[in-house]
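Following: one structure in structure tokens, then a few remarks.
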There are 2 protein chains.
Amino acid sequence: MLRPENLKRATTALPFLAHAPAELLRDFLREASIHAVPAGAQIFAEGDECNTIAVLLSGVVRVFKIGETGREITLYRFEQGESCILTANCILGNRQFPAIAMVERDAEAIVIPATAFRDWVNRYQPWRDYVFDLLSRRLASVMAVVDEVAFRRMDARIADFLARRLSPSASSLRITHQEIAAELGTSREVVSRILEDFRASRLIETGRGTIMLLDHAGLLRRARAM
Amino acid sequence: MLRPENLKRATTALPFLAHAPAELLRDFLREASIHAVPAGAQIFAEGDECNTIAVLLSGVVRVFKIGETGREITLYRFEQGESCILTANCILGNRQFPAIAMVERDAEAIVIPATAFRDWVNRYQPWRDYVFDLLSRRLASVMAVVDEVAFRRMDARIADFLARRLSPSASSLRITHQEIAAELGTSREVVSRILEDFRASRLIETGRGTIMLLDHAGLLRRARAM
DNA sequence: CTCAGTTGTGTGACATTGTCACCGACAAAT
DNA sequence: ATTTGTCGGTGACAATGTCACACAACTGAG
């Protein structure tokens, strides 16, 4: 049950609610509820059955896989207005959750029971569009991950990653080598070696837990070379 | 425009048509058409816009990515009753096709215009369920590919691949090393080396363009070891 | 402040995988 | 039989993953 004042926040996250049929809004108010989830909490683990679906109002959730050796790789993240569409995936297909979802920054989520979710997909076009769009976006982005992992060299991927998170205006980044490794699906040692190389090439400067940008254009060049 | 005798074949491929509302059937007959596509034909290339969607009546289509070095990796295949859901993906999200789809075995396809497809998703629940289910299945299977590529060793992946296609009753397989490489996203040399190793371990016997099974249990052991 | 424990990074050795250059064996066509 | 293209084998080297370990920077308890 959602309090009316929270409908405003929900509408910020899900803009289509502003023009949605009154019926959907009524159902939404009745079925949805808001929960706060602290950073570090696992929302779903590999193999879980899903009986609710969450749409984020704030915070960030990271969805990733873990290999047998303990290595991780990020599949994607979602934040405000997005939902763990993999959950939708399990709900609609009665499948098990094929990855791990963990809150990265404290999150508030609108939680909707699986039964209501399924029902709305059938009854309300705006809701249906929302779900299709997310599902479709994820499929494309996960396919892009396959491409990255299968074909690109690690130095290019790391350069790419850094170039996206650093800019002349935000020239320093707090992140550990281990975190970069988990992002890209490699090991910490490999990241350390490549960062050492970037440092020798005067692309970045490194400190414990931080990376500082020296040469953004140079990073982009490394990202493109292969 | 579909001839009534072809509706039977379509219903074999899409069982939900048997219980679908008359309206959907009428639309289906009006909008769908059947086309034969020979093996080797590219259905979609990376970056294509999609304005039709195809559902297979027969044959096999392989969807894959190509890296800059020319290496390939198979994302998935689809055959009778399945559709190139990535097309749905582009249609619903107005995105570009993010991979290559090529007919592997001569195919016949029911072709539906994008506009009709979109319309039916909104109007007919059986159609909607069909599309959701496929999309959702693909997402899960592409995520499994990420897991494979990121974490499993190549010898285990090749052993796995062979164990699936060989059995004591079908103990020989016509396939080239290059084809295995394109399947798994590695290079021909790597496949050759690993097959040589399997041969030395008396798991298989190899000939030009063929692989013969010697020890199925042994292959499965190699597939599990990491 | 000091010390011990924790976390982040560096390093060398080695195994696995990817790339390149090249060769020879085989098959189909002429 | 010769030619041509496909298929597979090989050696060298580069890139990546794994393991074992060292050590420096931070943290919190006392």
Side-chain angles (χ1 to χ4, degrees), chain A residues 40 65-73 146-162 172-201 204-212 222-223 225-226, chain B residues 40 65-73 146-162 172-201 204-212 222-223 225-226:
Chain A
K65 284 257 187 195
I66 299 196
E68 292 165 9
T69 59
R71 252 156 73 209
E72 300 180 6
I73 185 169
V146 172
D147 198 281
E148 279 250 319
V149 174
F151 300 131
R152 289 183 78 196
R153 286 183 30 180
M154 196 47 77
D155 57 349
R157 296 178 60 204
I158 293 180
D160 198 348
F161 175 81
L162 292 178
S172 133
L173 176 63
R174 289 215 55 88
I175 196 170
T176 68
H177 298 185
Q178 179 58 59
E179 285 165 345
I180 298 177
E183 188 68 26
L184 301 178
T186 183
S187 65
R188 202 250 324 148
E189 294 92 322
V190 171
V191 173
S192 292
R193 278 193 292 238
I194 292 174
L195 289 183
E196 163 62 27
D197 182 53
F198 287 179
R199 201 158 55 74
S201 309
I204 57 171
E205 197 46 73
T206 65
R208 185 187 166 90
T210 67
I211 295 177
M212 284 144 293
R222 283 295 279 252
M226 317 224 106
Chain B
K65 284 257 188 195
I66 300 195
E68 293 164 10
T69 59
R71 252 156 74 208
E72 299 180 7
I73 185 168
V146 172
D147 197 281
E148 279 251 320
V149 175
F151 301 132
R152 289 183 78 197
R153 285 182 33 176
M154 196 46 76
D155 56 349
R157 294 178 60 205
I158 294 180
D160 198 348
F161 176 81
L162 292 178
S172 132
L173 176 64
R174 289 215 55 89
I175 196 171
T176 67
H177 297 186
Q178 180 57 59
E179 286 165 344
I180 298 177
E183 188 67 29
L184 302 178
T186 182
S187 65
R188 203 243 332 142
E189 295 91 321
V190 171
V191 173
S192 292
R193 276 194 292 238
I194 292 174
L195 290 184
E196 163 62 27
D197 182 54
F198 288 0
R199 202 160 54 76
S201 310
I204 58 171
E205 196 45 73
T206 65
R208 186 186 167 90
T210 66
I211 294 177
M212 282 143 294
R222 283 295 278 254
M226 315 224 104

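Proteins get letters first, then strands, A, B, ... in listed order; numbering begins at 1 in each.
Comparing dT16(D), dG10(C), dG18(C) by their nearest atom to the side chain of Ile194(A) picks out dT16(D). Nearest nucleotide to the Met154(A) side chain, out of dG17(D), dG8(C), dG9(D): dG17(D). Which of dA15(D), dT19(C), dT18(D) sits closest to the side chain of Thr69(B) comes down to dT19(C). In this structure, the nucleotide among dG17(D), dG8(D), dT17(C) sitting nearest to the side chain of Asp155(B) is dT17(C). The Arg208(B) side chain lies nearest to dC26(C) when the options are dG17(D), dC26(C), dT7(C).
Atom pair Asp197(B):CG and dT10(D):P shows a separation of 13 Å (rounding to whole Å applied). Counting to the nearest Å, the P atom of dA27(C) and the CZ atom of Arg174(B) are 10 Å from each other. Summarising the geometry, the separation between CD1 on Ile73(A) and P on dG17(D) is reported as 10 Å, rounded to the nearest angstrom. Atom CD in Gln178(A) sits about 13 Å away from atom C1' in dG17(D), given to the nearest Å. Between the P atom of dT6(D) and the CD1 atom of Ile180(B) lies a distance of 19 Å, rounded to the nearest Å. Protein atom CZ of Phe198(A) is 12 Å distant from nucleotide atom P of dA15(D), rounded to whole Å. Ile204(B) has its CD1 atom 13 Å from the C1' atom of dG8(D), to the nearest Å. Across the protein-nucleic acid pair, Arg157(B) atom CZ and dG18(C) atom C1' stand 13 Å apart, rounded to whole Å.
Residue-to-nucleotide contacts include a donor-acceptor pair under 3.5 Å from the side chain of Arg188(B) to the base of dG9(D). Contact annotation: side chain of Arg153(B) to base of dT17(C), donor-acceptor pair absent below 3.5 Å. Remark: the Glu189(A) side chain and the dC19(D) base include a donor-acceptor N/O pair separated by less than 3.5 Å.
Look at His177(B) and you won't find any side-chain N or O under 4.0 angstrom from OP1 or OP2 of dT6(D). Between dT17(C) and Thr186(B), no contact under 4.0 Å exists linking OP1 or OP2 to a side-chain N or O.
When heavy atoms are screened at a 4.0 angstrom cut-off, Ser187(A) is found touching base atoms of the nucleic acid. Gly207(A) comes within 4.0 angstrom of the backbone, heavy atoms only, and of no base. Residue contacts shown for Thr206(B) are absent, as no nucleic acid heavy atom lies under 4.0 Å away.
Both Arg193(A) and Glu179(A) sit near DNA chain C, but only Glu179(A) has its closest nucleotide nearer the 5' end.
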Exercise. Please step through side chain to side chain contact (heavy atoms under 4.5 Å, CB included) for the pair Val191(A) and Glu179(A), ending with a clear verdict.
Key: CA-CA 10 Å; Val191(A) 173; Glu179(A) 285 165 345; over 6 Å; no
Exercise. Any chance you could lay out the salt bridge (Lys or Arg N to Asp or Glu O under 4.0 Å) test for Glu196(A) and Arg199(A), step after step, and finish with the verdict?
Key: CA-CA 5 Å; Glu196(A) 163 62 27; Arg199(A) 201 158 55 74; 2.4 Å; yes
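Nearest heavy-atom pair, Phe198(A) versus Arg222(A), reported as atom, atom and distance to 0.1 Å: CE2-NH2, 3.4 Å. Annotation for Ala223(B) and Arg152(B): closest pair O-NH2, 2.8 Å, computed over non-hydrogen atoms.
Side chains of Asp197(A) and Asp155(A) form no contact here, defined as non-hydrogen atoms less than 4.5 Å apart. Inter-residue side-chain proximity for Leu184(B) and Val190(B) is flagged as unmet; no heavy-atom pair is nearer than 4.5 Å.
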